[in-house]
Number of protein chains: 4
Amino acid sequence: MAKRTGEKYEAIIDAATRVIAEYGYHNAQVSKIAREAKVADGTIYLYFENKDDVLISLFSEKMGAFISRAEEELAQVDSAVDQLYKLICLHFEHLEKDHQLAIVTQIELRQSNPEVRKGIGEILKRYLDVIDGIVEKGMREGVFRQDLDVRITRRMIFGTLDETVTSWIMKDHKYRLMDQVDELHRLFVNGMGSQRNDANA
Amino acid sequence: MAKRTGEKYEAIIDAATRVIAEYGYHNAQVSKIAREAKVADGTIYLYFENKDDVLISLFSEKMGAFISRAEEELAQVDSAVDQLYKLICLHFEHLEKDHQLAIVTQIELRQSNPEVRKGIGEILKRYLDVIDGIVEKGMREGVFRQDLDVRITRRMIFGTLDETVTSWIMKDHKYRLMDQVDELHRLFVNGMGSQRNDANA
Amino acid sequence: MAKRTGEKYEAIIDAATRVIAEYGYHNAQVSKIAREAKVADGTIYLYFENKDDVLISLFSEKMGAFISRAEEELAQVDSAVDQLYKLICLHFEHLEKDHQLAIVTQIELRQSNPEVRKGIGEILKRYLDVIDGIVEKGMREGVFRQDLDVRITRRMIFGTLDETVTSWIMKDHKYRLMDQVDELHRLFVNGMGSQRNDANA
Amino acid sequence: MAKRTGEKYEAIIDAATRVIAEYGYHNAQVSKIAREAKVADGTIYLYFENKDDVLISLFSEKMGAFISRAEEELAQVDSAVDQLYKLICLHFEHLEKDHQLAIVTQIELRQSNPEVRKGIGEILKRYLDVIDGIVEKGMREGVFRQDLDVRITRRMIFGTLDETVTSWIMKDHKYRLMDQVDELHRLFVNGMGSQRNDANA
DNA sequence: CATGAATGAGGCTTCATTCAT
DNA sequence: AATGAATGAAGCCTCATTCAT
């Protein structure tokens, strides 16, 4: 039934992003999104199943495009260590370039109902796979420990990046995310590093 | 006006925890919480300002008690490295021991309105201070790099633990969190370690 | 936001009048008014800001129309004495013709909250101006004393008419208001009279 | 059951007067009155049937005392014309001396529910009888028209005094009520006068 | 006599979704 | 395809009154 494509499809998603960023998730009514997109309330239901679908599609479109781009760019990088560096850069650049999107995906959409959160989770899986790929490549290259648990490591990387961005937004973007890339990369690479260090020993 | 103490105060907070864990944040009506606590709806308002206050208090009581306990236990540990280990243990133990609380604090309360989220954020600050204390101690001890950025590092630690717990809940607590303590500790300590490794060099 | 016009706008106001007259102010719930108006509860909020707005609008529409009509009719009367007679007639006719409206405006709406009472007061100001006009005209004509205090006199006229109507309603409309016009007119005119004049004679 | 007498009985009535005058009828909760009277909530129910009873008793005590005093003082005045003058004086003095009481009886208690209004109405009947007595006496004396309708005339007098006081309160007691006694008396006496009499002259 | 903690019924309003035009 | 007026379910909170102490 829902068209899921076309000029108005995109207009609605962009309007939703702007409205949520400006008014917050709890004040982003369908009618407000419709007004912002310059369509009638009912028109939204010609392009989306329901409001949840708008939100999931918003995340899917924005994040999906980012993941695809990330996959492409990472493919052009040789070593896992450099890929990780590139990943952090891409992650931060992506959100630093679009403050509205950052607010919506990091803060507002997380208040959504279980249905939307589930949709978001599924989209994020692809991103986690990208991270897994880098970790596994590093293990194969021998620059990361052989006994790394990929899932644990992936959660460290994703959890850290996610918390870093959220924190940056909560502080009103007062500093530059990109300035933290080097330090985070070092923390990750040292943490996963194959060399001597076994501080716990 | 609100009493904020007493037998029923605790009964209401515990009832709220159970109801939210079972039905989800969006289906945790005041009347349902009251029924679960075996008090009248109105009684809740003798102990709390409003529904938001119940939720914030729930987080505050549970998390506050945990943070206090953590502070005490960490004070009895000598080295920063061991303190960090202890912190991960406490964090995981705390939530693994009480699946309901884990669901409520990690998943459900994050869907709450801005007011509640603000209250939660303020309580979490104390926890972040605890993490900062460990990082700074490690730097003083010389086991962590002198050029660590405490805030960046704190976000790595908290973000990683948070993501790890959330992930564990989403996977229906199918494995044991405590089994991941060693590996995470190693990732952190190596990441922050003062020794050799400068993978980026 | 609220439309404040249209077929349903009037249907809701009329329904509110009937419901309040029948059940009393304190038992006139929005849902009851909606049912009486044959619209959904939510529809009321397409035409009015809130319940208070319905009540103020009800008074404003009914009283506003009456005042406008009164202004017109009085303009066609030459002398102040006859205008006063006409005013009493109009005042009584208006309320005697519509018992429900009389009950609502004289009895029920006076129990309303401060917000509504304030709205009512502002609308009544226009009516008091009409009375002032008559008194001033009579003074210019020389049929009323030159040393009349317009405000004091206005309060006598309005207070008397108001009390008379309220009393009539409390006695269940058992007699005819119109039968009291002559006597009241005589009391007013003699009271204000510049000398002996017995205008009614 | 209710005692209706004693030190606390009066304390509660006085507290109710103060609370209603300060916070308004709609914010005068039983618990607030109890606190103001320095008794427990439940104690109020040892002296009064219910909240309505408190309000009716408040009106009854204050107004009843006034009416008794008025009856006494008027008995010492010879002519109806002078009695009417005295009545206006007493009415205004009574309320001008106690602004709180004026606000409570003229404004706030009129917002009360039908039960209370009914109680108030019954108490006022005694006052209306006093007015009737003056009018009838004046007719017997021949200074008021023989064809006066006592009820119509009574409503003019009461309605006018009532509206005058209400208006004075709404204008924040900015002027002196007592300054209007002469003019109102003249309006009444001329209005009722059997001929031209200018009683005030 | 006095207390005050506990009760629980009741209503205004929002907003995602539909469907006649 | 597009509109937007209409729908109606659902929940937080207040406060008069009670009754065990």
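Protein chains get the first letters and strands the later ones, always in sequence-line order, with residue 1 at the start of each.
- The distance between atom CG of C:Asn50 and atom P of E:dC15, rounded to the nearest whole Å, is 15 Å.
- Residue A:Lys51 contributes atom NZ, which lies 8 Å from atom P of E:dC15 at whole-angstrom precision.
- Taking each heavy atom of C:Ala16 and C:Val54 in turn, the nearest pair found is CB-CG1, 4.0 Å.
- The residue among B:Lys8 and C:His26 whose nearest nucleotide of DNA chain E lies closer to the 5′ end is B:Lys8.
- Rounded to whole angstrom, the span from the OH atom of D:Tyr47 across to the C1' atom of E:dA2 amounts to 9 Å.
- In the set E:dA16, E:dT3, E:dT7, E:dT7 carries the atom at the smallest distance from any side-chain atom of B:Val39.
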_Secondary structure of DNA chain F in dot-bracket form (Watson-Crick or G-U wobble, distances below 3.5 Å, | marking inter-strand pairs)_ = .||||||||||||||||||||
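- Nearer the 5' end of DNA chain F, as judged by each residue's closest nucleotide, is the contact made by C:Gly42, out of C:Gly42 and B:Asn27.
- Counting heavy atoms from C-beta on, the side chains of B:Glu49 and B:Arg4 come closer than 4.5 Å.
- Put simply, the residue from D:Asp41, D:Leu58, D:Ile44 that forms a side-chain contact (heavy atoms from CB on, under 4.5 Å) with D:Ile33 is D:Ile44.
- Minimum heavy-atom separation, C:His26 to D:Pro114: CD2-CD, 4.3 Å.
- Side-chain contact check for D:Glu61 and D:Tyr9: at least one donor-acceptor pair (N or O, by modelled atom type) lies under 3.5 Å.
- Base contact: D:Val30 has a heavy atom under 4.0 Å from a base atom.
- Taking 4.0 angstrom as the limit, D:Thr43 places a side-chain polar atom (N or O) nearer than this to OP1 or OP2 of E:dT3.
- The pair A:Arg110-A:Asp162 counts as a salt bridge, with a side-chain nitrogen and a carboxylate oxygen less than 4.0 angstrom apart.
- Rounded to whole angstrom, the span from the CG atom of A:Asp53 across to the P atom of E:dA16 amounts to 14 Å.
- DNA chain F is contacted by both C:Leu46 and B:Ser31; C:Leu46 maps to the nucleotide lying nearer its 5′ end (nearest heavy atom per residue).
- Residues A:Gln106 and A:Thr166 bring a donor and an acceptor atom of their side chains to less than 3.5 Å of each other.
- A:Lys3 comes within contact range of the sugar-phosphate backbone alone, with a heavy-atom separation under 4.0 Å but no base atom that close.
- In this structure, the CG atom of C:Asp41 is 11 Å from the P atom of E:dT13, given to the nearest Å.
- For DNA chain F, the contact window with chain D, defined by any atom under 4.0 Å from a protein heavy atom, covers F:dC15 to F:dT18 in 5' to 3' order.
- C:Ile44 has its CD1 atom 16 Å from the C1' atom of E:dC15, to the nearest Å.
- Counting heavy-atom neighbours within 6.0 Å of B:Met63 CE, excluding the residue itself, gives a total above 12.
- Taking 4.0 Å as the cut-off between side-chain N and carboxylate O, B:Asp14 and B:Lys8 do not count as a salt-bridged pair.
- Atom pair B:Asn113:CG and E:dT14:P shows a separation of 16 Å (rounding to whole Å applied).
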*Where do D:Tyr23 and D:Gln29 land on the side chain to side chain donor-acceptor pair (under 3.5 Å) test, with the steps shown first?*
CA-CA 10 Å; D:Tyr23 298 97; D:Gln29 294 84 357; over 6 Å; no
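- As rounded to whole Å, 12 Å separates atom P of E:dA16 from atom CZ of A:Arg35.
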